[in-house]
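Sequential numbering from 1 along the given sequence is applied to the chain's residues. Bear in mind the structure is a predicted one, so any value in this text is a computation, not a measurement. Atoms within each ligand, like the ligands themselves, are counted from 1 in listed order.
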Amino acid sequence: MITKVRKAVFPAAGLGTRFLPATKAQPKEMLPLVDKPLIQYGVEEALHSGVPNVIIVTGRGKTAIEDHFDVSFELEQMLESRHKSDLLKIVRSVSDMLNVAYVRQKEALGLGHAVLRARELVAHEPFAVILSDDVIHAEVPAVRQLLDVYDFYGASVVALMEVPKEAISAYGVVDAEPVSHNGEKDRLFRIRNMVEKPRPEDAPSNLAIIGRYILTPEIFDSIDAVEPGAGGEIQLTDALKHLLRSRPIYGYKFEGTRYDAGDKLGFLRATVEFALRRSDLGAEFREYLKSLAL
Ligand code: G1P
């Protein structure tokens, strides 16, 4: 029997140094794409994928995330007394949308280390991991696409994307063989090996891991077992490689557009494209962009 995925883990304890000084006094997960904080895009993706419980792994200086998903009593009262019912609805929907639990990662020792902090809250269940730096615009939410594979094979699944050789060293990279699935031959892969942040000449392929994972609970023992890897950190990729010895792992080239919002240029691209897609802003913003003498 395949156990349903009910929980999504959001590692959010990173220091956000790439966005200093904006992240000096606020978490990078709270930087807004148009008018929603980054992490809310990931949270909504989990909810729209049918995963109702969210576990956020936080650290020092991250209380704004907790406040964001909590009830803001004073703000609600003020909006109510001023009869701002539309705004009140928006504010309430953020706290109403999810069941959330928080756990602290006391030191930023790597993605694997962050995921391991959620062990007690996840318990012995399969779960999703969402890296909110990777924002994915897709008709079917990316996590849902991975869950469809998980529901079929009952094994761990990671999101994959083809990446140009010169950019490959920023990612976990897989060596994988295609598997036909749902009449398609080039989306699903069975992973043979993987390596975190290889040099371009050592990369086993151009298939990079993107920040969406469905993991079976055996991953926790594997995280426990691995030594610090790339950058001296406990890497999730190394734990997955360890898990490969005893379990199959799949990779799925999801359909959709991914933005690296952890990078300044990627963040700007996401901002422009999400603004253009908005029904309330898109048309005017498009006219403005066209008017720029570029
Ligand atoms: C993390 C993972 C890496 C993955 C990437 C996707 O790296 O360690 O395997 O390819 O996310 O965004 P980071 O971007 O945190 O360095």
Side-chain angles (χ1 to χ4, degrees), residues 8-19 23 27-29 31 38-39 41-42 45 56-59 105 107-118 128-138 142-143 146 156-176 189 191 193-200 202-215 219 222-223 226-244 249-254 256-267 269-270:
V9 173
F10 287 76
L15 296 175
T17 46
R18 282 197 276 178
F19 280 93
T23 48
K28 71 168 172 177
E29 293 78 11
L31 295 176
L38 263 188
I39 193 166
Y41 287 87
E45 184 183 321
I56 304 181
V57 183
T58 68
Q105 183 186 16
E107 289 174 280
L109 298 180
L111 179 57
H113 181 262
V115 171
L116 190 57
R117 305 276 75 71
V129 172
I130 298 181
L131 308 187
S132 52
D133 275 1
D134 286 324
V135 179
I136 301 177
H137 173 78
V143 167
L146 299 193
S156 296
V157 192
V158 304
L160 295 178
M161 188 177 111
E162 284 175 30
V163 159
K165 195 167 183 184
E166 58 278 11
I168 203 81
S169 302
Y171 298 92
V173 184
V174 300
D175 171 21
F189 294 81
I191 294 177
N193 197 3
M194 53 181 96
V195 47
E196 179 69 10
K197 302 203 167 67
R199 291 183 306 181
D202 298 334
S205 75
N206 64 346
L207 285 172
I209 302 174
I210 298 302
R212 301 290 184 277
Y213 309 76
I214 307 298
L215 301 174
I219 193 69
S222 290
I223 300 174
V226 296
E227 299 292 327
E233 298 186 337
I234 303 286
Q235 296 291 351
L236 185 57
T237 304
D238 294 341
L240 283 161
K241 183 176 166 168
H242 180 275
L243 185 63
L244 259 185
I249 300 178
Y250 291 88
Y252 189 70
K253 246 170 46 177
F254 58 94
T257 311
R258 171 260 187 179
Y259 303 89
D260 179 5
D263 167 80
K264 281 177 205 166
L265 199 57
F267 191 90
R269 283 192 186 120

Look at Asp202 together with Arg199 and state whether they make a salt bridge at an N to O cut-off of under 4.0 Å. yes
Got a salt bridge between Lys28 and Asp133, using NZ or NE/NH1/NH2 to carboxylate O under 4.0 Å? yes
Results of side chain to side chain donor-acceptor pair (under 3.5 Å) for [X] - residues two or more places apart only:
X      : value
Thr237 : Glu196
Gln235 : none
Ser169 : none

Can you pull the residues with any heavy atom under 4.0 Å from ligand 1? Leu111, Leu131, Asp134, Tyr171, Gly172, Glu196, Lys197, Ile209, Gly211, Tyr213, Gln235, Thr237, Arg258
Could you tell me whether the side chains of Gln105 and His113 share a donor-acceptor contact shorter than 3.5 Å? yes
